[in-house]
Amino acid sequence: MAALWAGTSVYAQSTRLSEQAGNVVQTHAIPGGYAFQLDNGYATITAYSPTIIRVRVTKETPKTDFSYAIDDLTPHRSWIKAENDALTTDSLTIKITKTPFRVSFQDKKGNFLSGDDPALGISWEGPQVTSYRQMAPGEKFIGWGEKTGPLDRRGQSFVNWNTDAYGYAEDKDPIYGSIPFFIGVHDKVCYGIFFDNTRKVFANFGGGVDDDRYYFGAPDGDMNYYFFGASTVPGIIADYTSLTGRTPMPPLWSLGYQQCRWGYMTEQELLQTAKTFRIKQIPADVIYLDIQYMDHYKVFTWNQERFPHPKEMIDSLKNMGFDVVTIIDPGVKIETGYKAYEEGTAKGFFARYPGGKPYIGTVWPGRCNFPDFTRAEVRAWWGDNFKASHTDNGIRGFWNDMNEPAVLGGKEIPTVVEFGTGNNRTTLAAVKNVFGMQMARATFEGTKKDMGGNERPFNLTRASYAGIQKYSAVWTGDNRPEDEHMLLGYRLLNSMGLSGVPFVGMDIAGFSGDASPDLFVRWMSLGVYAPLYRNHTAINNRYHEPWEYGEATTEIMRHVIGQRYALLPYLYSAFYQAHKTGMPVNRMLPIHYTYDSAVYTDKYGTEFEFGDNLLVCPVDSKTMIADVYLPGKGTTWYRFSTDEAYPGGDSQFVGSPLTDLPVFVRAGAIIPEQAVIQDTKEAGDGILYLHVWQGATGSSFDYYEDDGHTYDYEQGKSYRRQIRYDPGARRIVLGKADAGYPTRFSKVRVVLHGATGWDNVQINGKTTRISQDQKLYFVEFNNSNDPITIQW
Ligand code: MIG
C-alpha cells in the first residue's frame with residue numbers, strides 16, 4: 001500500500017495563497033447607499049443613520065440578507081451622498097480608494113477613525129474572510145462581549161465559539177458567549193465595529209504583529225460589519241443597541257436578591273430555605289430550582305417524589321414573597337412515551353445529521369435530541385410547552401442552561417449537524433453561537449405568551465450572541481471561588497454591559513467549590529452592585545446561603561442585602577435608562593472617562609460606575625487598604641459609607657475592610673432610595689429617600705417607576721420625573737411628574753450629605769422644619785405630581 005502514496009505531491013504543502021477583492025470596476029447607487037463591483041467580489045456600503053455605516057463584502061454575488069442580531073436590516077432613509085472620492089453623511093466621511101478597494105472612516109473634522117490596512121484590506125484564504133485594519137499608535141480596544149483577560153483588549157486574540165467552560169481559568173477563551181462588537185479608542189477619537197458573523201469568528205487586537213494592524217474574521221460567511229462613528233462611547237453604545245435591541249424592563253422582583261443552589265433536593269428543603277430568609281429577616285425575592293426538580297432530568301416534567309406538589313409549593317413560596325426560577329436545558333431525553341420527545345420527533349423538530357437522522361448527544365437525562373431553535377415553529381412549540389408544567393403553576397422565571405449547546409464532559413458536537421429548512425438550511429458551524437440565544441428567545445417569547453402576554457418573564461441564559469439583551473439576562477457560568485475570579489467576573493460584566501447587555505451577573509460566591517468566609521463576605525458585598533444579584537454554587541459544595549457562615553457574617557449579610565433593597569429605586573431607574581438608550585447599568589470607566597489612560601490599566605481595570613452616580617472599586621478579600629482610582633479631575637467623590645470627601649483625577653489608598661467595600665458617590669449627585677423591605681412586593685414605609693451630596697456642580701436624575709411586572713409601561717403607564725439639584729441657586733426641584741402610573745411613595749424625604757448646615761429650608765415657598773438623623777439634615781414633605789421646589 002505504501003507504494004501508492006510514494007512520489008505523489010498531492011499531500012504536500014498547499015499552494016493556496018490569500019486573495020483580495022481587487023480594484024473597483026464599477027459603482028452604482030442602491031437603496032440606502034452604494035454598491036461596488038470589484039475584480040474579485042462585491043461590496044455594498046449603506047447607512048442606517050449618519051453615524052451607522054454598514055460595509056458588506058462578498059466574494060460571490062451577495063446572498064439573501066439575514067441577521068440573528070438585527071431585526072430590521074432595511075436602511076429606511078438615504079443618509080449617504082457621493083462627493084468626490086468619498087461617501088459622506090452629516091457626521092462621517094467614508095474615503096474609498098479604488099485601486100485596490102479600501103475603505104476608511106473620518107469624522108467631520110478630518111480625524112482618522114478607522115480604516116482598512118492599506119496592504120491587506122479584506123482578504124480571503126479559501127472561504128475564510130478577514131478584515132485587516134490599521135491600528136493607530138496607542139490604540140486601545142474595549143468590549144467584545146464575554147471575554148476573559150484585561151479590560152484593554154490590545155495585544156489579545158479571541159475565538160468566538162460558545163463553550164461550556166466549567167471552572168474556567170482566568171484567561172480561558174472561548175467561554176459561553178459571543179458578541180463580536182468592540183470600541184477602538186485613540187488620539188481623542190473613538191469608534192465602534194460590530195462584525196455580524198455567527199461562525200467561529202476570530203479577532204486579534206494587535207497581538208503578534210508589529211503594532212501596525214489588527215484584524216477580525218471568520219472561517220466562512222460574509223465580511224459584514226457595522227461601523228459606529230458617533231463621537232462618544234455612550235453615543236456608540238446607543239447606536240449599537242439601536243440596531244441589536246435593548247432590554248425590556250425586567251420584572252422588579254428579579255432585581256431583588258436571588259438565592260440559588262444546585263440543588264435544593266426536595267420541596268421541604270426549598271420551603272425551609274425560603275422560610276429561613278424570613279425568620280432571619282434577610283431580604284430576598286427569588287429562589288431557584290436546579291435540575292433535581294425534573295423527573296429524570298426530562299424538560300417540562302416534575303419529579304413526583306422530590307417535588308410532589310408544584311402548584312401548592314409555588315403558592316406557599318408566593319405567600320412568603322418568593323418567586324421560583326426553574327432551570328431548563330435544551331436536551332430532550334430520548335424515551336418512548338415522553339411527550340416532548342414524541343412530539344419533537346413526529347414534527348421533525350430536532351437538529352439532525354445530513355440524511356435526516358437526529359443528532360444524539362448525552363446530557364443529564366442520558367441520550368438526548370436537541371431542538372432546532374433556529375426555526376420559528378420549533379421556538380413556538382418549545383414556548384408552548386412551558387404552559388402546563390411551569391406558567392400554569394405560577395412560575396415566572398426561567399433559567400436556560402447548557403445552551404452552547406453543551407453535552408456532558410464539555411465535548412464537541414460534530415459541526416456537520418444540520419439546522420433550518422429550505423433556504424435556511426445550515427450546519428452547526430454557522431449557528432452554534434446563536435443556538436443559546438434562539439433558545440432564550442423561544443423561552444422568553446413562549447413564556448410571555450403562556451402568561452397571557454402582559455406579564456414579564458424573567459429569563460436567564462448562559463450562552464449568548466449579540467442582541468441577547470432583547471430576550472434575556474446573562475450569567476457568566478461556572479466560575480471559581482477565588483479572589484481573582486471575582487475580579488475577573490466584574491470585568492466580564494462590564495464588558496457585557498459595553499457590548500449591549502445590561503442585565504448580567506455571576507455566581508456569587510463561586511460555582512466550582514467552597515468560598516472562604518472572607519471571600520464570601522466580599523463577594524456578597526460586591527454583588528449589591530451587580531445588575532443580577534444571584535448567589536449560586538454547585539452540588540456537593542458547602543452551603544452558600546447568607547446565614548451559613550456564622551452569626552457575625554449573617555448580620556453583615558442582612559446589612560449588605562438590605563443595601564441592595566434600599567437602592568432599588570435608583571437601580572430600577574438605571575434599568576429604564578438601559579431600556580431607553582442602551583446605556584448599561586454597570587459602566588466600565590472608559591465609557592465616561594474615555595481618554596484617561598489610568599482607567600485602562602490592569603490595576604484599575606475592574607472599577608465601574610453603577611448607574612449615574614456610584615463608583616464601585618472591587619477589592620479582593622485579602623486587601624484591607626486598597627489602591628483605588630477616582631476618575632475625573634475637578635470631581636469630588638464622597639465615600640458612600642462615611643461621606644468622607646476625596647478629589648477625583650487621582651489614585652488613593654482607602655480602607656477596605658470586609659465590612660466596607662470602597663464605593664463612592666459623585667458630589668452633586670442625587671440617589672433615590674427606599675427603606676429596607678424584605679421583598680419587592682412589600683409596601684415599605686411609603687417614603688422616597690432622596691439622598692443628595694453637596695457639590696460645586698449639580699446634576700439631574702431621571703426617576704422612573706412603574707408597576708414592576710407588566711408591559712403596561714409600553715402604553716405610558718409609568719411614573720417619570722426629573723429631579724434637579726442646583727447648588728448655585730441652593731435648590732432642588734422635583735419636576736412635574738409624568739404620572740401615567742401612581743408612585744408608590746406618598747412622602748419624600750430629602751437628605752443632604754456633605755453639608756455643614758442647612759437653615760431656612762422652604763418647600764414651595766413654605767418654611768419647613770429641618771430634622772437631623774445620624775448627623776444628616778433632612779426635610780420631609782408630602783409627595784405630589786406637581787413640581788416641588790426645595791429652596792434654602
Ligand atoms: O453540567 O444544572 O452552569 O449553574 O447548576 C452542569 C447544574 C449543569 C451548569 C450550570 C450550573 C448548574 C449546573 N449546570
Side-chain angles (χ1 to χ4, degrees), residues 146 148 162-169 172 174-177 258-265 269-270 273 286-303 306-307 324-333 361-368 370 397-413 435-436 439-440 443 458-464 468 472-481 485 488-489 492-493 496 504-515 523 527 530 532-545:
E146 192 188 34
T148 60
N162 290 1
T163 297
D164 179 1
Y166 171 80
Y168 52 105
K172 161 104 167 108
I175 58 171
Y176 307 91
Q258 307 198 358
Q259 184 63 53
C260 191
R261 175 180 177 81
W262 174 25
Y264 297 120
M265 297 305 248
E269 189 184 2
L270 195 75
T273 307
V286 184
I287 193 155
Y288 276 70
L289 282 173
D290 205 315
I291 51 178
Q292 277 76 21
Y293 81 93
M294 294 178 275
D295 170 26
H296 291 89
Y297 307 127
K298 288 183 286 187
V299 285
F300 310 120
T301 69
W302 286 86
N303 182 313
R306 296 178 182 282
F307 297 92
V324 178
V325 175
T326 47
I327 203 166
I328 194 84
D329 285 353
V332 174
K333 185 177 176 61
T362 298
V363 213
W364 291 105
R367 295 167 71 248
C368 286
F370 294 81
F398 311 92
W399 172 23
N400 301 226
D401 190 19
M402 304 294 273
N403 54 353
E404 292 68 35
V407 289
L408 286 190
K411 300 288 190 300
E412 288 287 337
I413 297 172
F435 182 94
M439 176 188 173
T443 306
F458 164 70
N459 202 27
L460 181 62
T461 181
R462 197 169 70 173
S464 59
I468 185 65
S472 189
V474 179
W475 99 102
T476 59
D478 300 342
N479 60 358
R480 301 183 184 178
H485 231 283
L488 161 67
L492 289 173
L493 304 194
M496 291 292 278
V504 284
M506 69 187 97
D507 289 355
I508 300 165
F511 179 77
S512 69
D514 301 341
W523 211 327
L532 176 76
Y533 191 13
R534 173 177 177 266
N535 171 312
H536 181 46
T537 197
I539 198 161
N540 299 329
N541 294 345
R542 72 171 288 176
Y543 279 77
H544 272 186
E545 290 67 19

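Both ligands and their constituent atoms are indexed starting at 1 by order of listing. Just so it is clear, the values below take in all heavy atoms, side chains as well, and ignore hydrogens, waters and symmetry mates.
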Are any of the N/O atoms on Arg534, whether in the backbone or the side chain, positioned under 3.5 angstrom from an N/O atom of ligand 1?
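Among all N and O atoms of Arg534, none is under 3.5 Å from an N or O of ligand 1.
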Heteroatom distance test (Trp364, ligand 1): nitrogen or oxygen, under 3.5 angstrom
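Yes: some nitrogen or oxygen of Trp364 is under 3.5 Å from one in ligand 1.
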Interfacing atoms of ligand 1 (cut-off 4.0 Å, heavy-atom, [X]):
{"X": "Ile327", "value": "2 (O)"}
{"X": "Asp401", "value": "2 (O), 3 (O), 8 (C), 9 (C), 10 (C), 12 (C), 13 (C), 14 (N)"}
{"X": "Asp290", "value": "2 (O), 5 (O), 7 (C), 12 (C)"}
{"X": "His536", "value": "4 (O), 5 (O), 11 (C), 12 (C)"}
{"X": "Arg462", "value": "3 (O), 9 (C), 10 (C)"}
{"X": "Asp478", "value": "3 (O), 4 (O), 9 (C), 10 (C), 11 (C)"}

Does the residue Trp475 have a heavy-atom contact with ligand 1, meaning some pair of atoms that are separated by less than 4.0 Å?
yes
Is ligand 1 under 4.0 Å from a heavy atom in the side chain of Tyr176, in the backbone, in both, or in neither?
neither
What is the ring orientation for Tyr543 with Tyr264, classed by angle as parallel under 30°, tilted 30 to 60°, or perpendicular over 60°?
tilted
Do Trp523 and His544 make the cut of ring centroids closer than 6.0 angstrom?
no
Compute the ring centroids of Trp364 and Trp262, then answer whether they are less than 6.0 Å apart.
yes
Is it the case that Tyr176 and Glu404 place a side-chain donor and acceptor less than 3.5 Å from each other?
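No pair is found: no donor N or O on one side chain lies under 3.5 Å from an acceptor on the other.
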